[in-house]
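For reference, the structure is listed below as structure tokens.
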Amino acid sequence: MDFVRSMIARDQETGKYGGSVVTRFPPEPNGYLHIGHAKAIHLNFGIASEHPGGRCHLRLDDTNPETERSEYVEAMKRDIRWLGHDWGEHLYHASDYFGKLYEYAVLLVRRGLAYVDSSTEEEIRARRGSVTKAGVESPWRDRPVAENLDLLERMRAGEFPDGSHVLRARIDMAHPNMVMRDPLLYRIRHSTHYRQGDGWPIYPMYDFAHCLSDSIERVTHSLCTLEFENNREIYDWLLAKVDAPLPRPEQTEFAPLVVEHVVTSKRQLKELVGAGAVRGWDDPRMPTIAGLRRRGVTPAAIRRFCEMVGVSRAHSRVDHGKLEFAIRDDLNRRAPRAFCILDPLKVVLTDFDAGRLVSLTAPTMPGSDDGTQEERDLSLRGEIYIERGDFAENPPPGFHRLRPGGEVRLKYALTIRCDEVVRDGGGRIIELRCSHDPGTLGGVAPKGRRVPGTIHWLSAADAVPAEVRLYDRLFAVPDPPLDDLPSALNPDSERTVTGLVEPGVAGAAPGTHYQFERLGYFFTDPADSRPDRLVFNRVVTLRDSWAERLRREGSGTGRASAPAAADPERGARTRNVDANAARSPEASLSSGLERDRFRELRSLGVGEATAVSLVRSQPALDLFHQASASHPASAGAIASWLVNDVARLVRRSATLAIRRLAPEALADLVRAVEADDLSHRQGRRVLEALLEGGGDFEEVRLSLDLAEVDDEETLRRVVEGIVAANPEKAADYRAGRSGLLGFFVGEAMRATGGRADPQAVSRVATETLSAATRASS
RNA sequence: UGGCCCGUGGUCUAACGGCAGGACACCGGUCUUUGGAACCGGGGGUGGUGGUUCGACUCCACCCGGGCCAACCA
């Protein structure tokens, strides 16, 4: 399960949202959906469908009138449906909330949390500062509320021209997060909205509209991509400041989908279409849903691909081969087989009587031997076509197709031998003259007769011509440079040939899949193909280990080159080792005060790494001095508990606070553990309780029922039980898999409800396992 | 002299502090009327250094590497 689903499962357990799960997919209708959106769509709709009563809203985030069109809205709806999802009645538009949003803006102004800034765009930009420099406040920042209200109303009434005023949140111009430096909430745009017409001269910004739209729809989990991480702070701020109803939606970010050899930025895609690099948004080479659909990629394949890729917060770049795998895997099951010759070479069967016709059959879906095998008809006559690439005059080693004097099997037909090669005046091979083996009719070789290869073929008189568009990746390099896409275009991304297909394919409706045997998966183009004039798109080739091998050997880089290619990166990692180790933690201390404190801690017996951490936390440092004053001998241990255990617990849970921990309680705790009065593990349980409710160490300890199991006999029985229940693990351990000791200790801890002294368990387990070795050997 | 986030085999992704696993790719084999599919097997990984712990991919610190943020876009 991915981290988003785990989080939602946790929320369900704690009842955070009263059991409801509401997600949303919120595209801006300013372009076409692409493969990257597919990931978000499957995530949001998928999660909703996994919870009873869960739902996913489709919300068009249409707050910018200049780029949005209803044409895009319709395309988006079609694409999402095609991907297999249904928003039911939950179709929303952010622009439908303009009224409510405006009320929220008024509320913020009344509360002194927003103001009208009459600076120019340039002034605002200049005053924002930079990532390393604080911004400066706008001269309009302290306008009286009444004036702000008046100005905002007049902005809304359309009294001011574009750019003359904006509404801004009043937060902090020196905020380390740039998003929080008085973000713009509204701008003036006298522009016609595709949906709201001229009803609004002011439009809300993303940061303002998004969180409030989520809240209005009572969304619970607002999932977006990583680039919005910095925006989460303003999301929460706004909901808090307008007193949005509880429970409030929460934003969670996940890594966007990046695929090698693919670009998904809307701007770049637009550029490709505009520059004519592709024929349109639905060009089969485009990563848009429309392009994928037209190419012949199925919704099931896209879904599978998204599942394989997973969801995490790590920036990643997915191997394009993964998409290809998902496509092949799906089409392999659903595409009927047929023959197609892309580059025909004529073959005359010299010993076939003129006019002779052999009728043959071939399976439509080989391998599905469930008794319901469907078959197709094939005709064989004296003149046929084979693929030019299936004949080689000077074959490379390992080639087992047709060669002069050699044999090959025509699939489902018979075996032929090449007797003669015929060329034209230019020396180009135009025909092969072959003889056949009558004993192999039907393609079956008599016992003991080995035929090196099997190729596809088509009867010349029966084959029907078809246009075939051979697609390859649009970009030649895995990571196309966004500032110069044309340079990275693959010149061979589309190659059109006139091929031949078997007669059974003639009349195929647009939008039909085939596997052309030995070539790949093909799809009759939904727009250009007609039953009487077929146009095929190659969706994806078959896996081709032979071509792969030729490529490797041809480029002179054998298998060895793969690791070599990865080497630079590896080298970089190892090269850094020295640099990594060169600096001690102490060197990171910035001020003289910190260094003085560090030295003092060191002199008190605190370890170096611990001292560095402790120096930075004033509350922890104070606590340390108070607790260690009376117990100087335990100073090192106290510091360690503070840095390692207290810090961890406090960071993890909001209900724990360091201020509740009394110095005496901490000192007593540390000394008790040092005296082996209780294990470190149980010490942590006491610590957690102390951080939660404060109090005296002994009291809290007694209230927790920490009776420890360290009786050797009891532990031995427990361990023996676990060993008996896991004989194979015990054997593995004895065979040298020492890491399994952790498994036995862990199981024993579980079995005793965490009460066992792990150190004792570890000792007992080691003894028990080795004793069994002696016994069994 | 900014803040936040992220580093697990070639790639993507799992693992309450307790067995480092899966998928794609790769290699080998079986089978085969697709150099396909299917089936079987194999190699290879926690960025580094310290610390805490009986035990660290997981917690702490530092380092290294990467990403995001300074539109009146979303």
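Below, chain A is the first sequence line, B the second, and so on; all start at residue 1.
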Which value, in whole Å, describes the distance between the [atom1] atoms of nucleotides [N] and [M]?
| N | M | atom1 | result |
| --- | --- | --- | --- |
| B:C12 | B:U46 | P | 16 Å |
| B:G10 | B:A25 | C1' | 7 Å |
| B:G43 | B:G29 | C1' | 15 Å |
| B:C62 | B:G55 | C1' | 24 Å |
| B:U13 | B:U8 | P | 8 Å |
| B:C24 | B:G45 | C1' | 16 Å |
| B:G9 | B:G21 | C1' | 12 Å |
| B:C69 | B:C63 | P | 24 Å |

Indicate, with a heavy-atom threshold strictly under 4.0 Å, whether [X] touches base, sugar-phosphate, or nothing.
| X | value |
| --- | --- |
| A:Ser119 | base |
| A:Glu227 | sugar-phosphate |
| A:Arg763 | nothing |
| A:Gly607 | nothing |
| A:Asn231 | base |
| A:Phe254 | nothing |
| A:Val131 | base |
| A:Ser130 | base |
| A:Leu184 | base |
| A:Thr63 | sugar-phosphate |

Under 4.0 Å between a Lys/Arg side-chain N and an Asp/Glu carboxylate O for [X] and [Y]?
| X | Y | result |
| --- | --- | --- |
| A:Arg5 | A:Asp2 | yes |
| A:Glu324 | A:Arg328 | yes |
| A:Glu548 | A:Arg551 | yes |

Any N/O donor-acceptor pair, [X] side-chain to [N] base, under 3.5 Å:
| X | N | value |
| --- | --- | --- |
| A:Asp319 | B:C24 | no |
| A:Arg518 | B:G35 | no |
| A:Asp544 | B:G36 | no |
| A:Asn644 | B:G51 | yes |
| A:Lys322 | B:A25 | no |
| A:Arg681 | B:G18 | yes |
| A:Glu260 | B:U11 | no |

Checking base pairs now: Watson-Crick or wobble, both atom distances under 3.5 Å. What partners [N]?
| N | result |
| --- | --- |
| B:G45 | none |
| B:G21 | B:U13 |
| B:C31 | none |

Using modelled atom types only, decide if a donor and an acceptor are shared between the side chain of A:Asp645 and the backbone of A:Leu687 within a distance under 3.5 Å.
-> no

Closer than 4.0 Å, any side-chain N/O of [X] to the OP1 or OP2 of [N]?
| X | N | answer |
| --- | --- | --- |
| A:Thr132 | B:G3 | no |
| A:Arg187 | B:A74 | yes |
| A:Arg648 | B:C60 | no |
| A:Arg328 | B:U34 | no |
| A:Arg189 | B:C73 | yes |
| A:Ser640 | B:G51 | no |
| A:Arg651 | B:C60 | yes |
| A:Ser545 | B:G36 | yes |
| A:Arg549 | B:G35 | no |
| A:Arg317 | B:G7 | no |

Between A:Glu68 and A:Met749, name the one whose nearest nucleotide on RNA chain B is closer to the 5' end.
->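 Nearer the 5' end of the strand: A:Met749.
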
For A:Asp645 and for A:Arg737, find the nucleotide of RNA chain B with the closest heavy atom, then tell me which residue's nucleotide is more 5'.
->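 This one resolves to A:Arg737.
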
Check the distance between B:G21's P and A:Asp732's CG and give it to me in whole angstrom.
->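 About 11 Å, once rounded to whole Å.
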
Tell me: CD of A:Glu307 to P of B:C24, nearest whole Å?
-> 14 Å

Do the numbers put A:Arg376 on top of the ring of A:Phe339, so that NZ or CZ is under 6.0 Å from the six-membered ring centre and no more than 45° off the axis?
->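 That pair qualifies as a cation-pi contact.
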
Rounded distance [0.5 Å steps], CH2 in A:Trp200 versus OG in A:Ser95 = 11.0 Å

Flag as yes if A:Tyr206 stacks onto the base of B:A74 (centroids under 5.5 Å, planes under 30°), otherwise no.
-> no

Centroid distance under 5.5 Å and plane angle under 30°, A:His400 vs B:G35 | yes

Check the pair A:Phe522 / A:Tyr514 against ring pair (Phe, Tyr, Trp, His ring centres under 6.0 Å), numbers first and verdict last.
-> CA-CA 5 Å; A:Phe522 293 77; A:Tyr514 285 98; 9.4 Å; no

For A:Tyr186, which of A:Tyr203, A:Phe208, A:Tyr206 qualifies under ring-ring contact (aromatic ring centres under 6.0 Å, His included)?
-> A:Phe208

Syn/anti state of B:A70 by chi, 90° boundary around 0 |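 Anti, since the glycosidic angle lies more than 90° from 0.
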
Check whether more than 12 heavy atoms from other residues, nucleotides or ligands sit under 6.0 Å from atom NZ of A:Lys133, and answer yes or no.
-> no

